[in-house]
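In what follows, a single structure is set out as structure tokens and then discussed.
Atoms considered below: every heavy atom in the structure, side chains included; atoms not considered: hydrogens, waters and symmetry mates. Owing to the predicted nature of the structure, the values given are computational and were not obtained by experimental measurement.
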Amino acid sequence: MPLRKKIWILYLLALCARISVEAQDEQKTKPIELPNFIIEGVENLNIGSGVKQLPKKPAQLTKAELDSINPLEKQQSLLLPLDSLPSGVTRSEINTGHFKGELGRYLTPKLEGGWSYYYKEYLFYAGGGLESSDGHIIGSDFNKLNLSLFSDYLAPEKFWIFGGSKTRSGLNFSNNNFAQFANPGFPRRNNVFLSAFIESEGNFEGASFQTGSSFRTTQINGALSSGHENYFNGWLNIDNLVTYSFERNRINQSIIIGSDCFLKVGALNSNSIYFAQVAAKGKYSAGDIIYKFKLGIQSSQGSSKSNFGVIIDASSLIPIDKNFTMRTNFRSGLENSSLENFIRYNPYLKGDAIIDFAYQKVDLKGTIDYHPNETSQYSGAVRLRVVSDYPIIALSDSLSFTIFNKNALLFDVLLEGYKYITNEDIISFSADFIYWDQSTGDAKLLPSISPVNLTIDYKHKWDYNIGTNIGLKFTGNRYADMENKIVIGGFLNVSAGIEYGFRKDLTAYLKFDNLTNSDIVIWNGYKERNLFMTLGAIWQF
């Protein structure tokens with residue numbers, strides 16, 4: 001096409017466009033006014049499509065600008081008001097409790113229950129239990145009662161030293177009334193335990209502490225024996241008193257120093273007793289390796305003698321590789337003990353028993369843990385103990401038990417572990433093999449200690465509601481007297497149980513103990529129950 005014709009066509013198109021714009025402008029009642037603007041500069045803009053710009057920090061707003069977007073005036077309410085939260089969600093009180101009831105063979109009912117109440121920084125709890133039985137043989141009937149009260153308080157941060165700490169105080173009472181059916185006439189006996197305590201734990205300027213005190217009393221009332229023990233405990237433990245961290249060979253290391261103080265004063269059957277300890281303790285860690293130590297002095301006064309000791313306690317935890325961990329512990333020093341501990345262990349013990357504080361000359365233990373995966377773990381340990389005034393419960397005559405304090409040598413081999421066969425099956429076991437003697441030169445073994453103790457437990461979850469378990473426990477022969485003349489036979493105790501969950505908060509169960517109807521004797525003359533069946537339920541509310 002000739003150039004002249006192209007120019008004429010462009011001219012006609014431009015003229016038509018102008019006439020169209022002018023026609024539209026005539027139809028508007030008000031013209032559009034555009035602001036004047038001027039562009040100055042000599043740079044050529046060359047912005048490519050899709051080019052990423054470097055991020056820039058947004059400019060800070062001035063105080064006036066902040067005030068403008070945060071006005072003090074009341075904001076306009078929404079057109080539709082929000083639904084209010086249920087009152088039960090906004091309450092700060094939470095009430096929880098549980099109840100357990102059992103009925104066993106020989107007309108043996110057992111009731112337990114507890115209830116806790118939360119309010120702001122406080123927790124209050126009350127619980128108790130009652131158990132009684134007509135007994136499996138003549139004279140073996142008993143009644144047991146226990147009560148517990150305690151409260152927790154989380155102190156506000158405004159308090160000096162104790163700000164943010166948790167303080168617990170409580171009261172415990174238990175009474176066990178029974179007949180000593182191994183004795184003619186079946187004389188009755190009451191073992192009464194009462195304790196009150198207050199303890200606190202928290203942090204202050206980087207150091208953590210645990211402190212508290214308690215009062216405990218034990219009363220033994222019976223026709224054959226009586227006794228009493230009253231004492232006061234006080235303690236203060238401080239961790240992170242001094243901390244130091246550093247790095248060496250690209251391994252983070254730290255040293256932590258603390259202290260440990262304990263005091264016990266009281267009376268045992270009209271004899272003054274006390275136990276005191278002051279020690280420094282520390283912890284050194286280098287990566288996964290941890291060493292702990294405690295070093296201090298001790299002093300004690302028992303029923304018949306006083307003693308002074310130096311406590312040395314050192315332990316280590318050393319990962320060998322991802323599957324094995326080694327633990328070691330060495331301890332030397334006095335051992336705290338009480339009449340309450342021995343009476344709970346053997347309820348037939350004479351109340352006027354002489355109790356002195358044993359001195360552990362050597363207590364050395366080494367353990368290897370094997371943990372190949374999350375579903376199984378096994379450990380093996382050996383322990384050697386050389387003890388002065390080791391407390392031994394044995395027959396003082398043909399019918400009564402008392403405590404003999406003798407030198408002793410004990411060597412233990414311990415094995416334990418568990419294995420999840422499936423997610424619903426777990427089996428666990430423990431084995432304890434003990435060699436011991438009285439270290440008196442006459443090769444007499446310590447009474448009341450079995451050389452072999454084995455335990456196996458298997459649990460299976462059939463579905464969400466049903467679970468079963470079966471257990472085996474074997475205890476070897478033991479001696480009942482210091483002269484090794486009276487033998488208590490070993491036994492095998494087979495137990496089983498099944499539980500069914502009706503709801504999340506209600507579970508019923510059936511338990512069987514001593515399925516083989518074995519003659520089980522823990523303490524000479526006192527035979528345990530034969531085949532025993534219990535039906536019970538637990539309700540949580």
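A 6.0 Å sphere centred on CD1 of Ile354 holds no more than 12 heavy atoms belonging to other residues, nucleotides or ligands. Around NZ of Lys459, the count of heavy atoms belonging to other residues, nucleotides or ligands within 6.0 Å does not exceed 12. Applying the 6.0 Å contact sphere to CH2 of Trp539 captures no more than 12 heavy atoms from other residues, nucleotides or ligands.
Across every non-hydrogen atom of Phe401 and Leu349, the tightest pair is O-CD1, 3.5 Å. The two residues Ile273 and Ala267 have their closest heavy-atom pair at CG1-N, 3.9 Å. Residues Tyr345 and Ser448 come closest through the heavy atom pair OH-O, 4.5 Å. Smallest separation of non-hydrogen atoms from Thr211 and Leu236: CB-CD1, 3.7 Å. Here the closest heavy-atom approach between residue Ile290 and residue Ser285 is recorded as CG1-CB, 4.2 Å. Ser332 and Tyr359 get closest at one heavy-atom pair: OG-CE2, 4.2 Å.
A donor-acceptor contact closer than 3.5 angstrom is absent between the side chains of Thr402 and Ser396. Judged by distance alone, the side chains of Gln298 and Gln277 do bring a donor and an acceptor atom under 3.5 Å apart. In this structure, a donor-acceptor pair under 3.5 Å is present between the side chains of Ser169 and Ser151. Counting only N and O atoms by type, the side chains of Thr96 and Ser116 include a donor and acceptor under 3.5 Å apart. Judged by distance alone, the side chains of Asn307 and Ser300 never bring a donor and an acceptor atom under 3.5 Å apart. A donor-acceptor pair shorter than 3.5 Å can be found between the side chains of Thr217 and Gln219. Side-chain polar atoms of Tyr458 and Ser428 form no donor-acceptor pair below 3.5 angstrom.
Classified by interplanar angle (parallel below 30°, tilted 30° to 60°, perpendicular above 60°), the ring pair Tyr526/Phe181 is perpendicular. In this pair, Tyr370 and Tyr378 present their aromatic rings parallel. The plane angle is below 30°, not in the 30 to 60° band.
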Exercise. After noting the C-alpha distance and the side-chain angles of Asn221 and Ser226, does the key distance pass the side chain to side chain donor-acceptor pair (under 3.5 Å) rule?
Worked result: CA-CA 5 Å; Asn221 303 306; Ser226 62; over 6 Å; no
For this session: Would you sort out whether Phe173 and Phe193 count as a ring-ring contact (aromatic ring centres under 6.0 Å, His included), showing the intermediate values?
Result: CA-CA 6 Å; Phe173 170 80; Phe193 309 98; 9.3 Å; no
Exercise. Can Ser133 and Leu107 be said to form a side-chain contact (heavy atoms from CB on, under 4.5 Å), step by step?
Worked result: CA-CA 6 Å; Ser133 177; Leu107 191 58; over 6 Å; no
Exercise. When you look at Arg188 and Asn177, which way does the side chain to side chain donor-acceptor pair (under 3.5 Å) test go after all the steps?
Worked result: CA-CA 7 Å; Arg188 305 296 300 183; Asn177 179 273; 2.6 Å; yes
For this session: Take Glu340 and Arg216 through the test side-chain contact (heavy atoms from CB on, under 4.5 Å) and record every step on the way to the result.
Result: CA-CA 9 Å; Glu340 176 185 355; Arg216 309 184 73 91; 2.9 Å; yes
For this session: Verify side chain to side chain donor-acceptor pair (under 3.5 Å) between Ser140 and Tyr106, making sure each step is shown before the conclusion.
Result: CA-CA 10 Å; Ser140 62; Tyr106 312 117; over 6 Å; no
Exercise. Passes ring-ring contact (aromatic ring centres under 6.0 Å, His included), Phe532 versus Phe512? Steps please.
Worked result: CA-CA 6 Å; Phe532 189 73; Phe512 297 91; 10.0 Å; no
For this session: Tell me, with the steps shown, if Arg189 and Asn191 meet side chain to side chain donor-acceptor pair (under 3.5 Å).
Result: CA-CA 7 Å; Arg189 178 171 176 172; Asn191 294 342; 3.1 Å; yes
Problem set entry | Stepwise side-chain contact (heavy atoms from CB on, under 4.5 Å) check, Asn514 with Val494 | CA-CA 5 Å; Asn514 194 8; Val494 182; over 6 Å; no
Problem set entry | Worked verdict on Ser200 versus Tyr153 for side-chain contact (heavy atoms from CB on, under 4.5 Å) | CA-CA 9 Å; Ser200 180; Tyr153 171 65; over 6 Å; no
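Contact check for Ile318 versus Thr325: no side-chain heavy atoms found under the 4.5 Å cut-off. Between Ser213 and Asn233 the shortest side-chain heavy-atom distance does not fall below 4.5 Å. Within the 4.5 Å cutoff, side-chain heavy atoms of Phe142 are placed close to those of Glu131. Under the 4.5 Å side-chain criterion, counting only non-hydrogen atoms from C-beta, Glu229 is in contact with Ser338. Side-chain contact check for Ile393 versus Tyr348: every heavy-atom pair is 4.5 Å or farther apart. Side-chain atoms of Lys305 and Asp389, non-hydrogen and from C-beta on, do get closer than 4.5 Å to each other. Counting heavy atoms from C-beta on, the side chains of Leu454 and Phe433 come closer than 4.5 Å.
In terms of modelled atom types and a separation under 3.5 Å, the side chain of Ser400 and the main chain of Asp397 share no donor-acceptor contact. Judged by distance alone, the side chain of Asn517 and the main-chain N or O of Leu531 form a donor-acceptor pair under 3.5 Å.
Ile311 CD1 to Phe262 CZ: the interatomic distance, rounded to the nearest 0.5 Å, is 11.5 Å. With values rounded to the nearest 0.5 angstrom, Glu102 atom CD is found 7.0 Å from Glu112 atom CD. One finds the CH2 atom of Trp235 at 10.5 Å from the CD atom of Gln210 (value rounded to the nearest 0.5 Å). Once rounded to the nearest 0.5 Å, the distance linking CE of Met533 with CG of Leu515 reads 11.0 Å. The CG atom of Asn341 sits 8.5 Å away from atom OG1 of Thr218, with the distance rounded to the nearest 0.5 Å. Taken from CG in Asp141 to OG in Ser132, the straight-line distance is 9.5 Å, to the nearest 0.5 Å.
Figure legend: Lys264 and Tyr231 shown as a cation-pi pair, the cationic atom lying under 6.0 angstrom from the six-membered ring centre and within 45 degrees of its axis.
Looking at residues two or more places apart in sequence or on another chain, you find a side-chain hydrogen bond (donor to acceptor under 3.5 Å, both in side chains) between Ser518 and Thr516. When the side-chain contact (heavy atoms from CB on, under 4.5 Å) test is applied to Pro451, the partners found at least two apart in sequence or on another chain are Trp436.
Partner Ile257 forms a side-chain contact (heavy atoms from CB on, under 4.5 Å) with one of Ile238, Asn240, Val242 and no other, that one being Val242. Exactly one residue among Ile434, Asn453, Asp432 makes a side-chain contact (heavy atoms from CB on, under 4.5 Å) with Leu414. That residue is Asp432. The residue from Leu446, Leu384, Val386 that alone fulfils the side-chain contact (heavy atoms from CB on, under 4.5 Å) condition with Leu410 is Leu446. Applying ring pair (Phe, Tyr, Trp, His ring centres under 6.0 Å) to Phe150 and the options Phe124, Tyr122, Tyr125, Tyr117 leaves one that passes, Tyr125.
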